Amino acid sequence: MPVPKQRQLTAPGKLLLFGEHAAVYGYPALGVTIPRNLSLLAEPAGPSSPLELVFPTLPVPPETAEEFVKYLEAVATSEGIQLSPARLTVTSEIPVGGGFGSSAALCTVLARRLAGDAADLHTVWMLAHRLEHFFHGTPSGIDTGLTTLTGAHAFRFSGIGPPGRGTETLPTAVSVQLPESILVTGSIPRTRSTRELVAAVAGRRASDPEGTGKILRKLGSICEEVIQNDGLSVGEFAAAASAAQRLLAELGVSTATLETVIRAGIDAGALGGKLSGAGGGGAFYFVCPDEKVAQRVATAVSRHIPDSGTVLTVSTRS
Ligand code: MEV
């Protein structure tokens, strides 16, 4: 009988460029993966051992890990997948809870383990999406789409619907080419989780359907224009980012600290910038025309980032 081997699986973090929150209501989204990975080391265990998920270097409470394993087992059972006992050790370079898709990357590596080597990307994405419900309640599928497919992708949904509509179906994804530029991205501590922020937008939409609907529609149009513009210039990309940021602030998902950080980056020479992901703190990015400006922006922004935060540069063509 072959001896089961250790196995390492990795998935990258993501940076949403456009479409956060609006995607939950069926509007398009656009994002890219970042050069920071989460890894899962799977070691076989004896037949009497349970499935164990451990995060030795990450701030994940053991009770959350245990609850998530139960959720994972339920998803596997519902898919007719038999799980073999194993110790799964997760390590990560992606800041946890920072808006860079650490939970989506975790769901992707686990989905790849569940689905097996022969599975196609769509099967892995669907499984990752199902697992992501544990963290986000009603994920749109764009985060796990990015961490599964990797690179820059645009996402479109087949129709506009209420929150949760996208929970069982995935959007279609197409690979896109972004204008050549350097993105300075980073994250600050969050005041609210993705689940809370998505719920807050749903609450705002329930009490002000017209006003909230208008903001979501405009966010959707900005994203669609960026996706459709084949010759998008760096300036247009940056202007679209800043316009989306104003709308996200109106939606109530920006914070005073995020606004200060974004102001600092623009003052240092960035052509545009916005929050990325659910907001409430978390990730942001700036569009910079070249390395020199990117370095200036990174230095200016770093002054506002606490030690627990992150700043990195990502080339749109790497
Ligand atoms: C979070 O990264 C993006 C949101 O749009 C939620 C989602 O699409 O599932 C806020």
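Every number for a ligand or one of its atoms is a count from 1 in the order of the listing. The structure displayed is predicted, hence computed values, not measured ones.
Side-chain contact between L16 and V32: absent, with no pair of heavy atoms (C-beta onward) separated by less than 4.5 Å. Under the 4.5 Å side-chain criterion, counting only non-hydrogen atoms from C-beta, P139 is in contact with H133. With contacts defined as side-chain heavy-atom distances shorter than 4.5 Å, the pair S242/K274 does not qualify.
A distance-only check finds no donor-acceptor pair linking the side chain of Y25 to the backbone of L216 [under 3.5 Å]. Looking only at distances, a side-chain donor or acceptor of T33 sits under 3.5 Å from a matching main-chain atom of G151. Looking at T316, its side chain does come within 3.5 Å of a backbone N or O of P179 through a donor-acceptor pair.
The I142 neighbourhood of ligand 1 comprises atoms 8 (O), with distances under 4.0 Å to a heavy atom of that residue. Shown in contact with V24 at under 4.0 Å from a heavy atom are these atoms of ligand 1, numbered in order with element: 5 (O), 6 (C), 7 (C), 8 (O). Heavy-atom contacts of G277 reach the following atoms of ligand 1: 2 (O) (cutoff under 4.0 Å). When each atom of ligand 1 is checked for a heavy atom of E20 under 4.0 Å away, the hits are 5 (O). The contact set between ligand 1 and P139, taken as ligand atoms under 4.0 Å from a residue heavy atom, comprises 9 (O).
Residue contacts with ligand 1 include K14, since one of its heavy atoms falls under 4.0 Å from the ligand.
Of the candidates S140, G99, A29, it is S140 that places a heavy atom closest to atom 7 (C) of ligand 1.
Less than 6.0 angstrom separates the ring centroid of F284 from the ring centroid of F286.
At the shortest separation from atom 1 (C) of ligand 1 among protein heavy atoms lies D143 OD2, 3.4 Å.
Only the side chain of L16 comes within 4.0 Å of ligand 1, counting heavy atoms alone; its backbone N, CA, C and O stay farther away.
Considering backbone and side-chain N/O of H21, one or more are found under 3.5 Å from N/O of ligand 1.
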